[in-house]
Each structure stands twice: as C-alpha cells, then as structure tokens.
Amino acid sequence: MMCYRIALNFEDGITRFVDCKPGEKVLDAAFRNKINLPMDCSDGVCGTCKCRAESGAYDMGEDYIEDALTEDEAAEGLVLTCQMVPSSDCVLSVPTTSQACKTGQQVFAATVARIEPHQDAAVVLELDVEDAPAFLPGQYVNIAVPGSGDHRSYSFSSAPGEHRLGFLIKKIPGGLMGGWLARAQPGERLELTGPMGSFYLRDGDGPLLFLAGGTGLAPFLSMLEVLARAGSRRQIHLIYGVTRDQDLVLVDELAAYAGRLPNFTYATVVADPASDHPRKGWVTQHMPGDMLAAGGVDVYLCGPPPMVDAVRNYLDENGIRPASFHYEKFTPNAPLKAIA
C-alpha cells in the first residue's frame, strides 16, 4: 500500500515523520504513531488542531466550520489535522513542542564508513546505517562523541533516504569531535539523535539563492542532490564563502551539480586579501544584483553568526525583500541554531 510521508516540525526544532495511509487524516496517522497532536473535538469544530502546511498536496473536505478555519487561513496554508487528508508527502509546522505531544527525539546507531581529511580545514565523515533515516534536506543531527558524554551537531550533506550519511566537519584545534576523528577507525559505532532544525528546502518553482559559509556548505549539498534527483529546472545560484584558500573543500562536487542541474551556477569567494583567488572579499560583495532585483527569489543562508548578520544587514540596507529567507547560524563548538 502506498503511503504518504508526513514531516511534523515542532517548535523545539524536533522533526518526526509519520506514514499516512491513502484516505487517512493526519491526526489519525499521528495518533497511530503514538504522537499526540493538539486536538479537542476531532470534528473540525474547535480549531485546536490547527497547523501550517509548509508543502504538499492535501484535501480538507467540507466537514469543518469557519470558526475553526477561516477561508483566509486556509488560503495561507493553515490546516486542521483532524480533517486534512494528504495526497502527497507533506511538511507541517506544529505550533507546540514535541514534548507536549508526548513524543521526542529519535536515536539511532551508525557505523563509521569513511573519514577523509581536507588539509587542516575540514573532515568528510561518512556513516552507514541499517535503516535509512527520514529527514528534510538541510536538517541536522546531534552526534554523540564517544567517551565524552557530549555531542556535536552537524548538517547532513547527503540526501534523505540513504543508508550512507555524509557530514562535513570543520577542523578545530583541540576540538572535541576533531580529537576523536583523528584516532577513529572505520567500523566504530556512533549514536545519532535527530533529525532537527527548521532550516530545510521548501517546495517551489522560483529562483534559489544559496549562501554558504565554510562548512555551512553541507546542507546545500543535501539540497542540491534532492533537486538534481527531481530534475529541477529552477534557477539556482550558490555562493560559497570561506576565510582561506584551503578552506574551499568539495568544490568538485559543486562542479558535478553544475553538470546535473541545467540552471545551477556557483561562485567561490575567499576573504583573505593575500589570496590569489579571482573573487576576494565577503559573500555580500558578490551577491547577484540582477537575481535579487528580479524578485521572487528564495534565499537560504547557512554560516557563522557574523556572516548571517552581514547578509541580513545587506538585505535590509538595500531594501531587498526576498520571497522567503531561511537561515541558520552555527558556531564551531556549539549545536547549530535553527532559525527560519
């Protein structure tokens, strides 16, 4: 039987996936999976189960009253999960925490498959899992660092549904994860918790501007893989900004996507003034003015806090209002902060 995969994004950044059977209402599918979404009447009368559909196709029927869901709210993507019957995979934003819905983070095991250092800049970590985890391209997991009692957060660089997971990890002198990676061997086991985060690729047809800072490239590799597999013809431009020449890693993967996505272009930028790179400076100095001026562009940004703040200020100071703007700040030694 074909089922539709429904992603439930909670306010605390945790995402849970449920399979919805044909003709089944989302609320019923969630309860069947022991996730207690907000509800009261379950008859389309009270509006307690109201959520926002971020993507996907569905039927709301006519068995609800306007006091529960107005015509304007429905036009804005609000839904009643007690009435919503999906006809495709969907993403829902749930206006409460996962704990309030008596669910929580998913924990799963993975095995180290490959560790590939890139000079002193970054490490590519690949892990094998028995059951391919569901996540949205752009999301992250917490990886427990063996023997430390602590964890670090990393975005998936691989596409959802794969048995081999990819991550791009910044090398930090004396760093907790870096120290473990320096001595880790293939076959070692790790514990992962997730997926998490509100930074993920949304459905749409408009142009996309991706802004990556350093290892913030990782979630965009996941997004590009999903777009390539879907045969996307959207206009996509990615700017990859780093501090030093040696921080430019996996550029060959971007070149490969340029061959798979007909309307994808990218540019690399190095901040170091001593660099011989053809594009120096900051990402904001290389923003495509024509793309932004045309309007309708969806902007995605992942990088360290100064980069995120600089881009936000640039857009504000130049009166640029993207169709949507999604960003994620991260610091080297702290979990990613998911903001959208």
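When a residue number appears, it is its place in the shown sequence, counting from 1.
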| Will you find, in the side chains of Asp298 and Ser324, an N or O donor that is under 3.5 Å from an N or O acceptor? | yes
| query | Are side-chain N/O atoms of Glu328 and Tyr300 paired as donor and acceptor at under 3.5 Å? | reply | no
Taking all non-hydrogen atoms of both residues, which atom of [X] and which atom of [Y] are closest, and how far apart?
X: Ala134; Y: Phe17; value: O-CE1, 3.3 Å
X: Arg234; Y: Arg202; value: NH1-O, 3.8 Å
X: Thr96; Y: Pro38; value: CG2-CG, 3.8 Å

| Are Leu136 and Ile6 connected in the hydrophobic side-chain network, where two residues link if heavy atoms are under 4.5 Å apart? | no
| Do Val107 and Phe167 sit in the same hydrophobic cluster, where Ile, Leu, Val, Met, Phe, Trp and Tyr count as joined when their side-chain heavy atoms come under 4.5 Å apart? | no
| message | Check this for me: Gln285, atom CD, are more than 12 non-hydrogen atoms of other residues, nucleotides or ligands nearer than 6.0 Å? | response | yes
Only distances under 3.5 Å count here; give the side-chain donor-acceptor pairs of residues 311-322 to other protein atoms, sequence neighbours excluded, each with its distance to 0.1 Å.
residue, atom, partner, partner atom, Å
Arg312, NH1, Tyr327, OH, 3.3
Asn313, ND2, Asp309, O, 3.2
Asn318, ND2, Tyr314, O, 2.8

Would you be so kind as to tabulate the donor-acceptor pairs closer than 3.5 Å made by side chains of residues 51-68, with sequence neighbours excluded?
residue, atom, partner, partner atom, Å
Arg52, NH1, Glu76, O, 2.9
Glu54, OE2, Ser93, OG, 2.8
Asp59, OD1, Gly61, N, 2.9

| Listed by chain and number, what are the side chain to side chain donor-acceptor pair (under 3.5 Å) partners of Ser275, not counting sequence neighbours? | Asp245
| query | With sequence neighbours left out, what residues match Asn33 under side chain to side chain donor-acceptor pair (under 3.5 Å)? | reply | none
| Which ILVMFWY residues can you reach from Val85 by hopping between side chains whose heavy atoms are under 4.5 Å apart? | none
| field | Lys25: salt bridge (Lys or Arg N to Asp or Glu O under 4.0 Å) partners, not counting sequence neighbours | value | none
